[in-house]
Protein chains: 2
Amino acid sequence: MTRPRIRLLIGDTVALGPGKAALLEAIAETGSIASAARRMRMSYRRAWSLVQAMNADFTKPLVERAAGGRGGGGAVVTPLGHDAIERYRTMEARASAAVESDLDGFTALLKPQVSNPDTDG
Amino acid sequence: MTRPRIRLLIGDTVALGPGKAALLEAIAETGSIASAARRMRMSYRRAWSLVQAMNADFTKPLVERAAGGRGGGGAVVTPLGHDAIERYRTMEARASAAVESDLDGFTALLKPQVSNPDTDG
DNA sequence: AAGCGTTATGCATAGCCGTATATAACGCAT
DNA sequence: ATGCGTTATATACGGCTATGCATAACGCTT
């Protein structure tokens, strides 16, 4: 099965792609960078640096962080963050829809692949 | 300025993306992997391994190679290869078109960026 | 005051990716 | 036969990326 993925670039760095979008959503759901990182099986260091990069790339932070306090602190996706996610997801959906009719034909050119338990869910 | 890029994945490896598509076109135009690599400023090793990967992923080779002979040999993009390129380009165009109206709004969320002489042409 | 889990940061390390370099084989041209 | 530029392949190296581990600060809870 073939899937299309889109990423939105500024220059040649990724402003928002599948990874960052998923991370944002995980932060929104879990309430912290640390737990989001655990869920996504990436190091806290990496998750933190991705957040850092996103916050730096956008006009205002997508994620607001707090160290200390109830539960040790946490992170919150800002309204701008939610806006960015939503826009990304709609673009992703529209791109997929636009390409959908072509996908089967393209996939037919590919060798049958063994399924990957990691991405099949 | 923001640009969308799509790549077509099988599992989590790239079957065809911007890089491989450009390489295929460069091979088609120059007639060899070596010259295509030079044009794209990548090592012959890398270009060769990308061709290798593509040939392995598709039902039949996208590139046919010959060592020795007039001009030392060369590489030719097969009909299947041209087919794959064309399909990729149409999907790319359709995805871009589908997303175009959303791009401005998204870009407005980003900080103004310094231009990159490498990608601006 | 002590504990907790988080954010934040440094550093050392392993892995991967791509480059660079060298070498061989190939097959046509001269 | 020699030369040429290509394909093909091995090896070594540098760089980047991500991880892992350690540590500190933070601020609420108890």
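Note that the structure is predicted; figures quoted are calculated from it, not measured. Letters A, B, ... mirror the listed sequences (proteins, then strands); counts begin at 1.
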Problem - Protein-nucleotide distance (A:R70, atom CZ; C:dC4, atom C1'), rounded to Å - result: 13 Å

Exercise for the section: Measure from the side-chain heavy atoms of A:S43 and tell me the nearest of D:dT7, C:dT7, D:dT19. Expected result: D:dT19

Exercise for the section: Indicate yes or no for a side-chain donor-acceptor contact from A:T2 to the backbone of B:L9 under 3.5 Å, with no hydrogens or angles considered. Expected result: no

Problem - B:E64 CD - D:dA8 C1' separation (whole Å) - result: 16 Å

Exercise for the section: Measure the distance from CE on B:M42 to P on C:dC17 and round it to the nearest whole Å. Expected result: 15 Å

Problem - Check: B:R3 and A:L8 side chains under 4.5 Å, non-hydrogen atoms - result: no

Handout entry: Atom-pair distance (CH2 on A:W48; P on D:dT23), nearest Å
Key = 20 Å

Problem - Below 4.0 Å: OP1/OP2 of D:dA8 and any side-chain N or O of B:R65 - result: yes

Exercise for the section: Mind calculating the distance between CZ (B:R45) and P (C:dA22) to the nearest angstrom? Expected result: 16 Å

Completion exercise
Comparing A:G72 with A:R41, nearest DNA chain D nucleotide closer to 5' gives the residue A:R41

Handout entry: Salt-bridge present (A:R89, A:E92; N to O < 4.0 Å)
Key = yes

Problem - For atom CZ of A:R38 and atom P of D:dA18, their distance in whole Å - result: 20 Å

Practice task
Rounded off to whole Å, could you give me the CZ-to-C1' distance for the A:R46 and D:dC21 pair?
Solution key: 19 Å

Completion exercise
By nearest-nucleotide position on DNA chain D, the 5'-leaning member of B:A67 and A:G73 is B:A67

Fill in the blank from the handout: Atom CD1 of A:I27 and atom C1' of C:dT6 are separated, to the nearest Å, by 13 Å

Problem - Nearest-0.5 Å distance that lies between atom CZ in A:R7 and atom CZ in B:R7 - result: 5.5 Å

